[in-house]
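So that the names make sense, note that chain A is the first sequence line, chain B the second, and so on, each numbered from 1.
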Amino acid sequence: NTTHLWCLRALKYSVPILQRARGAGERWEEEHYEDGVKWRFLEHKGPLFAPEYEPLTDNVRFHYNGQPMKLSANAEEVATFFGKMLDHEYTTNAIFRANFFTDWREVMTSAERKLITNLNKCDFQEIHTYFTEKTEAKRVQSKEVKQDLKMEQEAIAQEYGYCTMDGHRERIANYKIEPPGLFRGRGSHPKMGKLKNRIQPEDVIINCSRDSKIPVPPTGHNWKEVRFDNKVTWLASWTENVQGAMKYIMLNPSSKLKGEKDWQKFEIARRLKGCVDDIRAKYSADLKSREMKSRQRAVALYFIDKLALRAGNEKEEGETADTVGCCSLRVEHIKLHNKLNGQACVVEFDFLGKDSIRYYNKVLVKKQVFKNLKHFMQNKDPSDDVFDRLNTHNLNKHLQELMEGLTAKVFRTYNASITLQHQLEQLTDSEGSEAEKLLSYNRANRAVAVLCNHQRTAPKSFDQSMKKIQAKIEAKKEQIDLTKSELKSAKMYHKVKKDKKSKLVVEKKKKMVQKLEEQLTKLEVQATDREENKQIALGTSKLNYLDPRITVAWSVGGWVRSGEIKWRVGGSESKGMLESSSWEASTSTDTMGRQRERDALSEMLSFGWDVTPRLCGLFWRQFHCRPLPTKKYTGVDPEGVVVGGGGGG
DNA sequence: ACTGAGACTTGGAAAAATGTTA
DNA sequence: TAACATTTTTCCAAGTCTCAGT
């Protein structure tokens with residue numbers, strides 16, 4: 001495929017959508033609920049529970065101390081959780097093993113518990129092999145069987161995967177209750193390997209409206225509770241046993257509810273654009289405040305704004321992996337360099353952030369920030385908080401006073417989106433080829449991902465795939481050389497012959513060289529893109545931080561229509577195009593801006609961009625209308641919400 | 001003012017789907 | 001068409017932030 005411009009995926013059947021989007025009567029305005037009310041009517045079927053455990057047949061044996069042994073159903077089920085994971089690194093981790101073993105022994109019969117006292121003497125190999133083979137058998141099933149299975153899944157999704165909210169049929173994001181298994185915490189999580197219990201209907205709270213068809217619990221069971229709370233958005237909830245956290249069943253991003261919330265988020269970020277200069281001036285002044293609390297807050301804000309750090313709530317010690325954000329930074333996470341590589345006032349950060357992703361950065365900071373930090377860190381132990389007078393609560397309270405709706409994370413959203421816009425302006429060459437433009441977009445996206453520290457582990461076949469594309473490039477070069485020499489001899493031949501036929505050959509070869517050279521640049525650009533993206537994850541920023549309207553504005557600004565990616569040329573070929581439709585310039589009340597955005601989206605759709613759930617969300621936010629179904633996607637509901645294909649794990 | 005439960009967004013890994021190649 | 005590569009989607013953990021209760 002050609003592009004992963006996230007909200008611009010190509011699809012062939014979208015013209016009706018365009019027409020509908022343009023049809024004035026197709027939009028509907030809806031009343032806005034007051035004061036925390038999220039809906040008026042909510043009806044659903046309740047969650048789908050995990051399939052019951054199927055005991056192993058006698059030929060699949062667990063061994064203890066070399067001896068085969070039949071386990072009780074409960075113990076066996078938990079053993080399979082571990083056995084399935086045998087080739088995962090988790091199963092070699094001491095904490096994982098210890099937690100697993102403790103919890104496993106708890107579900108054993110007393111006889112089993114008495115016998116099985118050492119995990120090292122447990123042999124799960126047959127269990128592992130059994131499940132590997134099962135997966136393989138599934139993989140090689142005939143097309144027909146696979147198709148049938150898919151249809152079955154689809155039927156279930158139709159029944160459980162949708163709800164009715166205020167007259168709209170909405171897709172549910174996670175209608176399946178999480179199956180039992182072993183908890184996989186990230187980083188060095190003290191609870192990794194613990195048993196995640198099977199959730200029963202008796203654990204589940206149902207939320208719906210009083211006048212709806214109340215979901216019926218599975219036969220022989222009851223719900224924990226049925227409530228009618230329209231101040232929350234969830235349909236069902238339960239408490240998970242490992243961390244004691246709540247889990248929720250909620251709507252898909254394509255829903256009105258989620259889409260509008262998402263839109264609001266970007267509106268708040270755009271409001272910040274309007275006052276960020278004042279806020280920066282304020283915290284810059286506060287760097288010299290007499291009050292310690294204000295000074296710490298100012299430095300923290302400086303980092304949150306400049307480095308897009310997360311707020312950093314306090315965490316319960318020993319319950320989770322040891323990670324920090326801005327407010328929870330400790331002395332050991334920061335090194336101060338009076339001078340580093342000829343630069344004065346450099347702060348070196350090294351800490352584990354969300355998901356235990358390492359944040360490492362050397363940053364040139366304002367003198368006053370540096371001075372303050374030195375002061376904050378004086379006479380403290382490495383494990384002491386840098387900002388001992390500060391927490392996310394009072395930080396956000398302060399921000400709330402500066403701008404309504406402002407919290408620490410808004411800075412991340414704002415800085416991410418404005419960075420995308422500025423990078424697009426800087427990097428895009430309107431004369432460039434389609435592939436080059438795509439590279440520009442990805443580079444702009446990459447700049448955001450770097451800012452937000454969105455990293456991934458390089459795909460395991462990365463080097464190989466890199467080599468492959470290099471080989472392709474070499475092959476293409478050779479082909480070009482060959483064609484060029486062919487062209488040369490064709491020219492010579494034509495010089496002698498001077499007839500029409502030989503001239504035609506020359507022209508043909510010329511064209512071929514040109515075509516090959518285009519292909520070569522495309523490959524080279526692709527290789528660059530891939531290399532630069534080795535350890536960068538673009539998904540999160542695309543999905544959560546980049547206002548889609550920026551991409552729309554950029555794409556409509558004048559790009560090339562060719563091949564499968566179709567960009568618009570013309571209208572405005574001048575460089576000013578981005579300014580006129582820029583993110584910061586347009587506001588929700590700006591009808592011209594709104595109209596332009598609408599046109600842009602229509603434009604996208606008329607070119608055949610794919611309608612993904614998120615794009616449906618965009619539609620809701622922007623136009624209060626729904627795209628029509630497309631053929632590519634299965635499971636289309638009566639309102640025409642596109643629900644997306646299968647997939648996932 | 002403080003606290004923790006609750007609700008909702010954000011995050012990378014892994015699985016499934018899809019595309020490409022031998 | 002099988003095997004491999006890449007893209008898309010699911011999964012569920014881990015954050016942020018609010019709000020109710022004290």
Nearest-nucleotide pick for A:Met246, side chain only, options being B:dC8, B:dG6, B:dG12 | B:dG6
How would you label the contact of A:Lys38 with the nucleic acid (heavy atoms, under 4.0 Å): base, sugar-phosphate, or nothing?
-> sugar-phosphate
Report, as yes or no, whether the 6.0 Å neighbourhood of atom CE on A:Met151 holds more than 12 heavy atoms from other residues, nucleotides or ligands.
-> no
Measure from NZ on A:Lys542 to C1' on B:dG11 and round the result to the nearest Å.
-> 15 Å
The side chain of A:Tyr545 lies closest to which of these nucleotides: C:dA14, B:dT10, B:dT9?
-> B:dT10
Between B:dG11 (P) and A:Leu352 (CG): distance, integer Å = 16 Å
Within the structure, does a side-chain N or O atom of A:Gln455 lie under 4.0 Å from either OP1 or OP2 of B:dG12?
-> no
Could you run down the sub-3.5 Å N/O contacts of the protein with nucleotides 1-5 of chain C?
none

Looking at residues at least two apart in the chain, or sitting in another chain, which of them share a side chain to side chain contact (heavy atoms under 4.5 Å, CB included) with A:Leu195?
-> A:Val78, A:Phe81, A:Asp103, A:Val107, A:Leu182, A:Asn197
Might you list the N or O atoms of the protein lying below 3.5 Å from N or O atoms in nucleotides 15-17 of chain C, with each pair's distance?
residue	atom	partner	partner atom	Å
C:dG15	OP1	A:Thr323	OG1	3.0
C:dG15	OP1	A:Asp355	N	3.0
C:dG15	OP2	A:Lys315	NZ	2.8
C:dT16	OP1	A:Ala311	N	3.3
C:dT16	OP1	A:Gly312	N	2.7
C:dT16	OP2	A:Asn313	N	3.0
C:dT16	OP2	A:Asn313	ND2	3.0
C:dC17	OP1	A:Thr407	OG1	2.8
C:dC17	OP1	A:Ala408	N	3.3
C:dC17	OP1	A:Lys409	N	2.7
C:dC17	OP2	A:Asn396	ND2	3.1

Out of B:dT21, B:dC8, B:dT10, which has the shortest distance to the side chain of A:Met250?
-> B:dC8
Per nearest nucleotide of DNA chain C, the residue lying toward the 5' end, A:His189 or A:Gly405, is A:His189
A:Leu543 CG to C:dT9 C1': how many Å, rounded?
-> 11 Å
Please state how far atom OH in A:Tyr248 lies from atom P in C:dT18, giving the value in whole angstrom units.
-> 15 Å
By nearest-nucleotide position on DNA chain B, the 5'-leaning member of A:Arg227 and A:Thr540 is A:Arg227
For A:Asn174 and C:dA13, give me the distance from atom CG to atom C1', rounded to whole Å.
-> 13 Å
Given A:Trp234, which of A:Lys38, A:Lys247, A:Met250 fulfils the side-chain contact (heavy atoms from CB on, under 4.5 Å) condition?
-> A:Met250
Under 3.5 Å, which N/O atoms of the protein pair with N/O atoms of nucleotides 19-22 of chain C?
residue	atom	partner	partner atom	Å
C:dC19	N4	A:His393	NE2	3.3

Please work out if A:Lys472 contacts a base, only the sugar-phosphate, or nothing of the nucleic acid, heavy-atom cut-off 4.0 Å.
-> sugar-phosphate
Taking for each residue the nucleotide of DNA chain B with the nearest heavy atom, is it A:Leu257 or A:Ile357 whose nucleotide lies nearer the 5' end?
-> A:Leu257
Classify the nucleic acid contact of A:Lys138 as base, sugar-phosphate or nothing, counting any heavy atom under 4.0 Å across all strands shown.
-> nothing
Just checking A:Glu240: base, sugar-phosphate only, or nothing, at a heavy-atom cut-off of under 4.0 Å?
-> nothing
What nucleic acid atoms does A:Thr233 come within less than 4.0 Å of, heavy atoms only: base, sugar-phosphate, or nothing?
-> sugar-phosphate
Residues A:Asp203, A:Lys224: salt bridge by 4.0 Å N-O rule = no
Are any side-chain N or O atoms of A:Arg297 and backbone N or O atoms of A:Leu390, one a donor and one an acceptor, separated by less than 3.5 Å?
-> no
Does NZ or CZ of A:Lys84 come closer than 6.0 Å to the centre of the six-membered ring of A:Phe131, within 45° of the ring's axis?
-> yes
Report yes if at least one side-chain N or O of A:Thr457 is closer than 4.0 Å to OP1 or OP2 of B:dA13; otherwise report no.
-> yes
Kindly say whether, by distance alone, the side chain of A:Arg186 makes a donor-acceptor pair under 3.5 Å with the base of C:dA13?
-> yes
Is the phosphate of B:dT10, meaning OP1 or OP2, less than 4.0 Å from a side-chain N or O of A:Lys265?
-> yes
Mind checking the CZ-SG spacing from A:Arg412 to A:Cys452? Nearest 0.5 Å is all I need.
-> 4.5 Å
With heavy atoms under 4.0 Å as the rule, sort A:Gln400 into base, sugar-phosphate or nothing.
-> sugar-phosphate
When rounded to the nearest 0.5 angstrom, what is the spacing between CZ in A:Phe49 and NZ in A:Lys176?
-> 14.5 Å
A:Asn415 pairs by side-chain contact (heavy atoms from CB on, under 4.5 Å) with which of A:Asp305, A:Leu420, A:Val410, A:Leu307?
-> A:Asp305
Test side chain to side chain contact (heavy atoms under 4.5 Å, CB included) applied to A:Ala527 - qualifying residues, sequence neighbours left out = A:Met466, A:Ile469, A:Gln470, A:Ile473
Counting only side-chain N and O atoms of A:Lys191, is one of them less than 4.0 Å from OP1 or OP2 of C:dA13?
-> no
Which part of the nucleic acid does A:Gly244 contact within heavy-atom distance under 4.0 Å: base, sugar-phosphate only, or nothing?
-> nothing
Provide, to the nearest angstrom, the distance between the CG atom belonging to A:Leu390 and the P atom belonging to B:dC2.
-> 13 Å
With A:Phe82, which residues qualify under ring pair (Phe, Tyr, Trp, His ring centres under 6.0 Å), at least two apart?
-> A:Phe100, A:Phe124
Rounded to the nearest Å, what distance is computed from the CG atom of residue A:Leu538 to the C1' atom of nucleotide B:dT10?
-> 16 Å
For A:Leu451 and A:Lys306, the nearest pair of non-hydrogen atoms, with its separation, is CD1-O, 4.1 Å
What is the distance, rounded to the nearest whole Å, between atom CG of A:Asn394 and atom P of B:dC2?
-> 8 Å
Is A:Glu77 salt-bridged to A:Arg198, going by a charged N under 4.0 Å from an acidic O?
-> yes
Ion pair present between A:Lys256 and A:Glu170, side-chain N to carboxylate O less than 4.0 angstrom?
-> no
